[in-house]
Amino acid sequence: MTVRLACDAAGIRTAVEALRNEQIVAVPTETVYGLAGRADSNVAVQRIYEAKGRPPHNPLIVHVTSLHWAAKLGHFSPKALELAGRYWPGPLTLVVPLVLNSGLADAVTAGLDTVALRMPDHAVIRSLLNQLRHPLAAPSANSSGSISPTTASHALRSLRDRIPFIVDGGSCATGLESTILAVIDDQVRLLRPGVIDLGLELEQTTAIEAPGQLLRHYAPRKPLRLDARDSRNDEFLIGFGSMPCDYNLSPRAVLTEAAARLFAAMHEADESNRPRIAVAPVPKVGAGLAINDRLARAAQATSTLR
Ligand code: TXA
Ligand code: MG
């Protein structure tokens with residue numbers, strides 16, 4: 001049985017104790033719920049991969065609360081420092097060269113010579129980090145390949161009893177996973193779009209540099225049709241802007257609101273009694289770029305189900 005902890009002092013204390021003892025704990029962040037474990041512990045990191053059923057070649061993001069901490073794990077070029085200074089804490093992950101003898105468990109970086117680092121902007125994971133005093137590896141708290149969780153219930157539905165604890169911190173404000181940028185020297189490449197949009201084109205790579213780019217990702221269990229203007233009778237319609245539908249991402253057509261509600265909409269569509277999902281067009285600007293990225297992957301991944 002997974003124990004659901006409140007995000008009060010007692011809940012945080014229990015979570016810190018569990019993490020210290022190399023257990024894994026699902027925790028809220030401002031983007032999505034993460035499945036956290038000590039990034040310096042092979043045992044904890046192995047537990048994360050096992051609970052998610054995550055392929056071992058897909059590395060994890062390491063979470064910290066200070067740049068000082070981050071710089072012990074990764075090499076920050078002036079460009080990387082500038083980006084961290086501008087967007088941290090917040091929904092931005094920086095992939096930078098790994099420091100030799102960083103102390104991170106090998107599986108965290110899946111043998112790459114780079115490390116993905118993020119300073120989250122959420123009181124719960126920040127107090128866990130500050131009390132624990134170890135960096136936390138945390139992928140999204142869902143079984144590998146399925147939709148990321150933006151509530152504790154989503155995470156529990158996906159991971160069932162495969163995790164001992166979850167801290168319930170309500171809904172995640174941002175709702176989409178962080179933007180991932182690779183920053184080597186002064187070169188910046190976009191590996192995963194998110195709500196922080198620097199106007200970069202998504203890197204088209206065949207290598208598994210960011211397996212977030214893998215097709216079977218963010219996938220509901222049902223076929224999903226894009227750019228739907230209305231629903232066919234067996235579809236659950238996810239709308240955008242003023243329109244009749246089963247779940248409206250944002251009746252006033254606000255993209256950041258739609259981003260925050262996208263995964264909740266997909267979870268609800270998956271749980272509904274309709275066998276198919278349709279999604280209305282969402283403008284491809286700002287946060288809409290990240291929304292369309294997730295939708296395209298979900299539609300691709302489910303195309304074989306049609
Ligand atoms: O918002 C987020 O980023 C959430 C919260 C919990 O922080 N985490 C998250 O983790 O989305 P995850 O594991 O679902 O996605 C991490 C992505 C994966 O696509 C992984 O391949 C990529 O980051 N990644 C990790 N380390 C990398 C590296 N060294 N180089 C390239 N990509 C890396
Ligand atoms: Mg994920």
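Note that ligands are numbered from 1 as they come in the structure, with each ligand's atoms numbered from 1 the same way. All figures in this text were calculated on a predicted structure; none of them were measured in a lab. Nothing fancy with the numbering, it's 1 onward along the sequence. Computation of the quantities below employed the complete heavy-atom set of this structure, encompassing side-chain atoms and omitting hydrogens, waters and symmetry-equivalent molecules.
Of the charged side-chain nitrogens involved, none lies within less than 4.0 Å of a carboxylate oxygen, so that E50 and R47 do not count as a salt-bridged pair. A salt bridge is absent between K222 and E271: the closest approach of a Lys/Arg side-chain nitrogen to an acidic carboxylate oxygen does not fall below 4.0 angstrom.
Not a single N or O atom of E177, backbone or side chain, sits closer than 3.5 Å to an N or O atom of ligand 1. For ligand 1, the polar-atom distance check finds no N/O of K52 at less than 3.5 Å from any of the ligand's N/O atoms.
Contacts with ligand 1 closer than 4.0 Å are made by heavy atoms of both the backbone and the side chain of T114. Counting heavy atoms closer than 4.0 Å to ligand 1, residue I180 contributes side-chain atoms (C-beta onward) but none from N, CA, C or O. Contacts between R54 and ligand 1 below 4.0 angstrom, taking non-hydrogen atoms only, involve the side chain exclusively. Contacts between A138 and ligand 1 below 4.0 angstrom, taking non-hydrogen atoms only, involve the backbone exclusively.
Ranked by closest heavy atom to atom 14 (O) of ligand 1, the top entry among S140, P28, P97, A110 is S140.
Here the straight-line distance linking atom CZ of R294 with atom CG of N292 works out to 11.0 Å at 0.5 Å rounding.
Remark: distances from the non-hydrogen atoms of L191 to ligand 1 include one below 4.0 Å.
Checked options T109, L191, I61; the residue passing with V95 is L191 (criterion: side chain to side chain contact (heavy atoms under 4.5 Å, CB included)).
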